[in-house]
Amino acid sequence: MTIEKAKKILKHQFGYDSFRMNQEAAIDCVLSKKDAVVLMPTGGGKSLCYQVPALMSEGLTMVVSPLIALMKDQVDALVSNGIEAAFLNSTQTGKQQTEVFQRIRSGKLKLLYVAPERLFKSGDQFIDFLKELNVSLFAIDEAHCISSWGHDFRPEYRKLALLKEYFPEVPVIALTATADKLVRKDIVDYLELNQPELLISSFNRPNIFYSVEPKRNSYEKLLRFLEKRREDSGILYCLSRRSTENLAQDLRDEGFNALPYHAGLDRATRQRNQELFLNDDAKIIVATIAFGMGIDKSNVRFVVHMDLPKNVESYYQETGRAGRDGLESDALLFFSWGDVTKLKGFVEIENNKEQSDIMLKKLDQMGEFGDLKTCRRKYLLRYFDEDLADDCGQCDNCKAEYEKFDGTVIAQKALSAVYRTGQRFGVSYLIDLLRGSKSKKMRLEHLNLKTHGVGADISKNDWFDYFKDLIAQGFLAKTEGQYPTVILTGKSEDVLYGNTKVELYKITEKAEKSSSLVSDVSHPYVEALLDDLKSLRTEFAREEGVPPYVVFSDATLVELATYLPHDRNGLLKISGIGDVKMERYGADFIRVIRDYCELNGLESRMKLKFASRKRRRKRNTKGDDTYSKTLQLFKQGMSVRAIAEERGLTRNTIENHLLRFIPSGEVQVEDLVDTDKIETIRDAIDELNAAKGLSPIKEFLGAEYSYGEIRAVAAKFS
Ligand code: ADP
Ligand code: ZN
């Protein structure tokens, strides 16, 4: 019965059809006044576990959160759904705070967000105030902050133990994305929870694609990565403040709209950069880990770690900021063992051997992950005590294809380099030697060795892989310590004398998953309409002073542009549109969709919505054959529109397919764009430099020119 009521609230207030994971159990638990500990990955949907009960109970739900920046965002999101919520923190003026107090007293407020230190400010004054009210629930967000075993200990959280003393009757729900057993125990102990229900969800984030690249030429690799994601929003994490600023500047020079963010920037700049990012006005934020704690932006499409995080918990939390909206997203890490060494000094905690050892072990496991040859998701989930039955198929290692070959000669060259230099050098030096480097680093006596230059035909990258492989197979070994050297093993001799064959592996294809919205063939959404919907969303967001995703998430807009609802009923079936948003924005969005459909001869596809669910999983990862299929039909003389109908795809998608064949001349640009438009577009491209992205060009040319046409001309002439 209560759950039926909860579902109604979910639908009408939040616009969602069903609960995820343990949301239902958590809600049920606190409504029956029992304590609960909820473990869910970032983006899993922890907030609803207390927001729904808050709306179903008399009185006030207190939300304790360490993240002042997040409070405003969460409250904005609630208010946009017509829910009475507010926060109290140090960023507010006295007047603002007084207003909040008035709202609390009036009894209308349902949710109040505060930092832990605020609760116990000026003795027990605030507590006494709360006692006079009807507090229905305490929600402790980021509850792992209470534990010194965790990665984010905050001493002020320890005071929360007092809550149970002051409010023994009020249930407490503790929520975190850190699943460590010791942390879990600390949460229960320090909060003095009363036989709490433990609700652990799977930590799997199936829509995130994990990959790791060696940290060599990382900047070039990054550029290639970003190039494919021009339209997408993402976070790049760096270790130092300086490197965030440098990288952001370099990327701006390349025409990317990237801004830095770190705790050393003055407050105004920090706030402005964060806001530009949240509002999609800057696509990329280059940040230290100071950024993100407060980020609820749901359409982050990629998270890149330029440097190694200190532990798997942090890595998982930071990568978890991608794809909260459930759409496909990327997590890329640039890895080197050098980073592990470099970080050792950072993770140690002065005068605390026990804590230091914990942190060093965590760092080592992070290194293990970076060097992993097997399924990354499996490793991550194992780390959080969860077993994945099969390899995921959605990480770089699962996608990589290896080719085995006879590497005996290569092995002999490598081993001989080690032997002749006296087993006193590291991998990089040995590779330079093998490749015949004449740099100053080379010792004079090594320039005349027979091995000097015998491996010049093999790239540095490949050599690194071969050394790693030879070490893994035990033909070589590495010494411990800060500057490890490569040494021979008991198995080396047989190789040097030619008595053993050595098999090596070469990655023949490191399949890259391009996950940007634009290339995702599983959503046959109407791209141009999506652009229009985004513009409308931005208008509303500006008017209301909130980030665009607070109005509607990207996932909601993609659904709109896919199913093309023409009326209120249809709109209410779209995920993320509840009653209040329907009233507030519905009519305008319907108008834009209807206008677009009328102009382009499209009909509503709401019928497909329920039929399509199952099909979606099966996606054509390569997409190659889908392109050639389109080309084939085109060569048979079919028009773009006809192909779109035949294939059940949008005209935009078909156009995008055909664009790929313009550089090779298989498709002529004149086939796709009116001849009199071509010149104008070309001039605009020359003028505005296409490398900076197409949106300035589109803006310049106006509504009569579509992205498809601009892309076609750009494909031909750049
Ligand atoms: P967490 O706090 O666990 O990181 P959030 O509570 O911020 O995650 O939720 C992440 C996103 O998922 C939000 O955009 C939220 O609106 C959405 N969400 C949560 N629960 C559901 C649900 N049952 N159905 C659809 N979307 C949901
Ligand atoms: Zn995998």
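The structure presented is a predicted model; accordingly, all values stated were derived computationally and were not measured. Order of listing sets the numbers, starting from 1, for every ligand and every atom in it.
The two residues Y50 and L137 come nearest to each other via the heavy atoms CB-CD2, 3.9 Å.
The protein non-hydrogen atom at the shortest distance from atom 7 (O) of ligand 1 is R324 NH1, 3.2 Å. Remark: minimum distance from atom 23 (N) of ligand 1 to any protein heavy atom is reached at S18 O, 2.9 Å. Looking from atom 1 (P) of ligand 1 to the surrounding protein, the closest heavy atom is G43 N, 3.5 Å. Protein heavy atom closest to atom 20 (N) of ligand 1, with residue, atom name and distance, is Q23 NE2, 2.9 Å. Counting protein heavy atoms only, atom 14 (O) of ligand 1 is closest to Y16 OH, 4.2 Å. For atom 9 (O) of ligand 1, the closest heavy atom belonging to the protein is G45 CA, 3.4 Å. Protein heavy atom closest to atom 6 (O) of ligand 1, with residue, atom name and distance, is S47 OG, 2.6 Å.
Under the 4.0 angstrom criterion for non-hydrogen atoms, G44 is in contact with ligand 1. Within the structure, the closest approach of S553 to ligand 1 does not fall below 4.0 Å when heavy atoms are considered. Using a non-hydrogen distance threshold of 4.0 Å, P41 registers as a contact of ligand 1. Residue M40 places every heavy atom at 4.0 Å or more from ligand 1.
Put simply, the side chain of N279 gets close to the backbone of E275: a donor and an acceptor are under 3.5 Å apart. Judged by distance alone, the side chain of E386 and the main-chain N or O of F203 form a donor-acceptor pair under 3.5 Å.
For the side chain to side chain contact (heavy atoms under 4.5 Å, CB included) criterion with L529, the lone passing option out of V592, L557, T562 is V592.
Using a cutoff of 4.0 Å between basic side-chain nitrogens and carboxylate oxygens, D325 and R301 are scored as salt-bridged.
Ring planes of F302 and F225: perpendicular class, angle over 60° (limits at 30 and 60°). Ring geometry, Y585 versus F589: the interplanar angle exceeds 60°, so the pair is classed perpendicular (tilted spans 30 to 60°).
The closest non-hydrogen atom to atom 12 (O) of ligand 1, taken over R20, K297, E24, comes from R20.
A cation-pi arrangement is found for K297 relative to F277, the charged atom lying closer than 6.0 Å to the ring centre and inside a 45° cone about the ring normal.
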